[in-house]
Each structure stands twice: as C-alpha cells, then as structure tokens.
There are 2 protein chains.
Amino acid sequence: MFSKTCEYAIRAMIFIAQKSKDGNKVGIKEIAKGIDSPEHFIAKILQDLGRRSLLRSLKGPNGGFYLDKEALECSLADIVKVVDGDKLFTGCGLGLKQCSETHPCPIHHEFKSVRKNVQTLLEKAKLGEFTEELEKSLIFLKR
Amino acid sequence: MFSKTCEYAIRAMIFIAQKSKDGNKVGIKEIAKGIDSPEHFIAKILQDLGRRSLLRSLKGPNGGFYLDKEALECSLADIVKVVDGDKLFTGCGLGLKQCSETHPCPIHHEFKSVRKNVQTLLEKAKLGEFTEELEKSLIFLKR
DNA sequence: AAAATAAAAGACTAAAATGTCTTTTATTTG
DNA sequence: CAAATAAAAGACATTTTAGTCTTTTATTTT
C-alpha cells in the first residue's frame, strides 16, 4: 500500500508527536529505536519532511526533532501525499493512465470507493491524537 | 496498491478471457498490444501464471494463450495472491511485523476494514464477467 | 573561543522491480 | 521430414527503492 519510506515516515511522525508533546525535542537515535528503523534512513526521510515544513528541528546539544501546535494537526494523508504522492488517492488500480468515469478500467467504480475510504481514514487521523494510546501501550509503533 | 507486474497480469488475464471465449487462442503480441504492455515482460508474467495453472497455452502455429471453463471463474484476488502475495490482504499498513488485535499499529482497526473491502471486491470479480462490457467498449484495458 | 553535540548534506552501495534480448523447445502445416 | 510458427527459458540491462557511511554545518555548553 505505502512505500517503506512512507511507513517509516508515518511511524516516526507519530513517535515525534508523542515525545515532543511538552515542548521537548527528540533525537534521531531515539526515533530510530522507537520505531525500529534504520537510523540513517529515517534521518534522510525526516530531513525531507523538514524541508517541506511538516516538522521542525534544531541542531546542537539538546537539539532534535519536534512538532509545533500546527504540525500536530497534520494528518497521515498529508504525509502520504508528500512521501508517496497522490497516486494512491487518484490513480487507477490497474495502472491505466487515463482511467476515468468515461474511460474506466474494469474495476474503476468499485475501486473509487475503496480509495475514498483510505483517503478519508488517513485524513481523519491527526498526528496528535495517538499520544495517549501510545502511553497506555494500547497501540505500538514497532515489532 | 499493486505491483506493475500484477497490473499487467490482471489486464492480460481479462483480455485473454475475452479473446479465448469461444475456444480460440490469443498470441503474446496481440495481448501486449491489447493491454499496452511490454511484449517480453508480459510474456514472462504469463509463463509464470501458466506454471501456476491460472491459464493454459499451446506452442506452434495457431498456438497461444487461453482459459478453460474453470479458469474463467478465477477471481482477480487469485491473481493478486499469486503475483503479489497476500501482503495486501493481511499485512500491516504501517509495516509492523506483528501487528494484530492484541498488538495493533495506530491505524490497525480502520485499515482492517479497508483491506477487507479490497479483498471482497477482488474475490467477487471473476475473469469471465468482463467480456460483454469490453466488447461494448464500456470498459477498457489500456490508455 | 573551544569542545561537544546533533542535524544536514551528499556520496555511495545493495537489493528489488521493471524491462529487453537471444536462444531453445514444442507443435503444426506443407 | 522440413520449414514455419509461437511459447518457454534464461541471460542481461535499466531504473527505482532501500539502506549505509562520511563529511559538513549549526548550536550550545563550558
């Protein structure tokens, strides 16, 4: 469904949302451990998300990654769009370039609703809303 | 959602279902043109599907690929499983290896229903059922 | 100001997916 | 049986995705 890059990105962003709740910052090593991802790989991904203003970071001692108020309202759909593009939300299931209402692939109509479901679910899910469940260990970001 | 290989496979199988309706066979060149795919690439894919008994073929003059009665009842889900495996139907959306009811990722519950939707839709879709719509140009396998 | 810290950047490697080309094998037709 | 036909098989090439390592830059603390 998502690229590995995107899976890591979503997990990292939720992790950072939790850890940076009270104005704290979290380092790349802790993030990599917290979501069980290759350290340098997730570092590059986060750098990219930073460039696109989905999160903030500071260098130097006591530096790290964090999310501001606004970023906590960022949805998983926003991350998917930035990392994987919107192919999942708008592309044809069978790879036709011009698949549409007037030129549909065999599963166009059925797939439209599936895609819509996915998009809606991802748009509803905001980064900030998982913190509590994470702390209670009701949900997990690794294993 | 699906790999390119899988997209081609589904389109080719639907194409063959149509063309081999009345006991005819269809050659690899016609298939490649009919679904707008690289000829040698789709050839390899179909060889693989043949080995796994999802379709039949005959060499020599007047040879080609075809589906028997049984194969026309094959669902798109069957093809997806053979080509891409069942990761789409059972895997975690965020890439956790042990994501489950008791160890869920943040979107486990919502994703479960989406996956179920996709699976159901693909299981309902049988190769033989698209022939008529294809002939009426109500659906398309390329462009 | 110097040392320590931590992210940013960039070069590089590895693996998987995608695509191409050539040779071989099986079947049919003349 | 010989020639033609068409799939099977396998080697190879390219592109994309995933992952690693080293150097540079910015910030803070002493």
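Reminder, nothing fancy here: chain letters follow the sequence lines and each chain counts from 1. These numbers come from a predicted model, not from an experiment.
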Item to check | Exercise: identify the closest heavy-atom pair between A:L58 and A:K25 | outcome: CD1-NZ, 4.2 Å
Checklist entry - D:dA6 C1' sits how many Å from B:K59 NZ, rounded? => result 9 Å
Next on the checklist: Heavy-atom nearest nucleotide on DNA chain D for A:F2 versus A:G60: which residue maps closer to 5'?
Outcome noted: A:F2
Next on the checklist: Measure CD/B:E7 against C1'/C:dA17 and give the value in whole Å, please.
Outcome noted: 13 Å
Next on the checklist: Nearest heavy atom decides the nucleotide; on that basis, is B:K4 or A:F65 closer to the 5' end of DNA chain C?
Outcome noted: A:F65
Next on the checklist: Without decimals, in angstroms, what is the distance between A:E30 CD and C:dA6 C1'?
Outcome noted: 13 Å
Item to check | Nucleotide C:dT5, atom C1' - distance to CG of A:L58 in whole Å | outcome: 13 Å
Item to check | Separation of atom CD1 in A:I28 from atom C1' in D:dT20, rounded to whole Å | outcome: 14 Å
Checklist entry - Is B:D48 paired with B:R52 through a side-chain N to carboxylate O contact shorter than 4.0 Å? => result yes
Next on the checklist: Classify B:R56 by what it touches in the nucleic acid, base, sugar-phosphate, or nothing, heavy-atom distance under 4.0 Å.
Outcome noted: nothing
Checklist entry - Starting at CG of B:D84 and ending at P of C:dA17, how long is that distance when rounded to a whole Å? => result 9 Å
Next on the checklist: Parallel, tilted or perpendicular, judged at 30° and 60°: which one describes the rings of B:F41 and B:Y8?
Outcome noted: perpendicular
Item to check | Test applied, side chain to side chain contact (heavy atoms under 4.5 Å, CB included); reference residue, B:L127; option that passes from B:I10, B:D78, B:L67, B:L55 | outcome: B:L67
Next on the checklist: Before you tell me yes or no, could you show the steps for A:L134 and A:F15 under side chain to side chain contact (heavy atoms under 4.5 Å, CB included), namely the whole-Å CA-CA distance, both residues' side-chain angles and the distance that decides it to 0.1 Å?
Outcome noted: CA-CA 9 Å; A:L134 275 175; A:F15 184 82; 6.0 Å; no
Checklist entry - What are the two closest heavy atoms between B:R115 and B:G91, and how far apart are they? => result NH1-O, 2.7 Å
Checklist entry - Using the C1' atoms of five pairs at each end, what's the angle between the two axes of the helix from C:dA1-D:dT30 to C:dG30-D:dC1, to 10 degrees? => result 0°
Checklist entry - Quick one: B:K25 NZ to D:dA7 C1', roughly how many Å, whole number? => result 12 Å
Checklist entry - For DNA chain D, which residues in residues 38-48 of chain B have a heavy atom at a distance below 4.0 Å? => result B:K44, B:Q47
Next on the checklist: Check this for me: does any side-chain nitrogen of one of A:K33 and A:E39 sit under 4.0 Å from a carboxylate oxygen of the other?
Outcome noted: no
Checklist outcome for this item: When rounded to whole Å, the OH to C1' distance for the pair A:Y8 and D:dA18 reads 8 Å
Next on the checklist: Taking A:K4 first and then A:E7, would you say they form a salt bridge - that is, a charged N and a carboxylate O separated by under 4.0 Å?
Outcome noted: yes
Checklist outcome for this item: From the candidates C:dA8, D:dT5, C:dA9, the one with an atom nearest any side-chain atom of A:S57 is C:dA8
Item to check | Any B:T5 side-chain N or O less than 4.0 Å from OP1/OP2 of C:dT18 | outcome: yes
Checklist entry - Across the strands shown, which category fits B:G50 at heavy-atom distances under 4.0 angstrom: base, sugar-phosphate, nothing? => result nothing
Next on the checklist: Does D:dT17 have its OP1 or OP2 closer than 4.0 Å to a side-chain nitrogen or oxygen of A:S3?
Outcome noted: no
Next on the checklist: For B:E110, is there an ion pair with A:K124 - N to carboxylate O distance below 4.0 angstrom?
Outcome noted: no
Item to check | Presence of B:R51 side-chain N/O under 4.0 Å of D:dA8 phosphate oxygens OP1/OP2 | outcome: no
Checklist entry - Can a salt bridge be assigned to the pair A:E132 and A:K136 using a cut-off of 4.0 Å between side-chain N and carboxylate O? => result yes
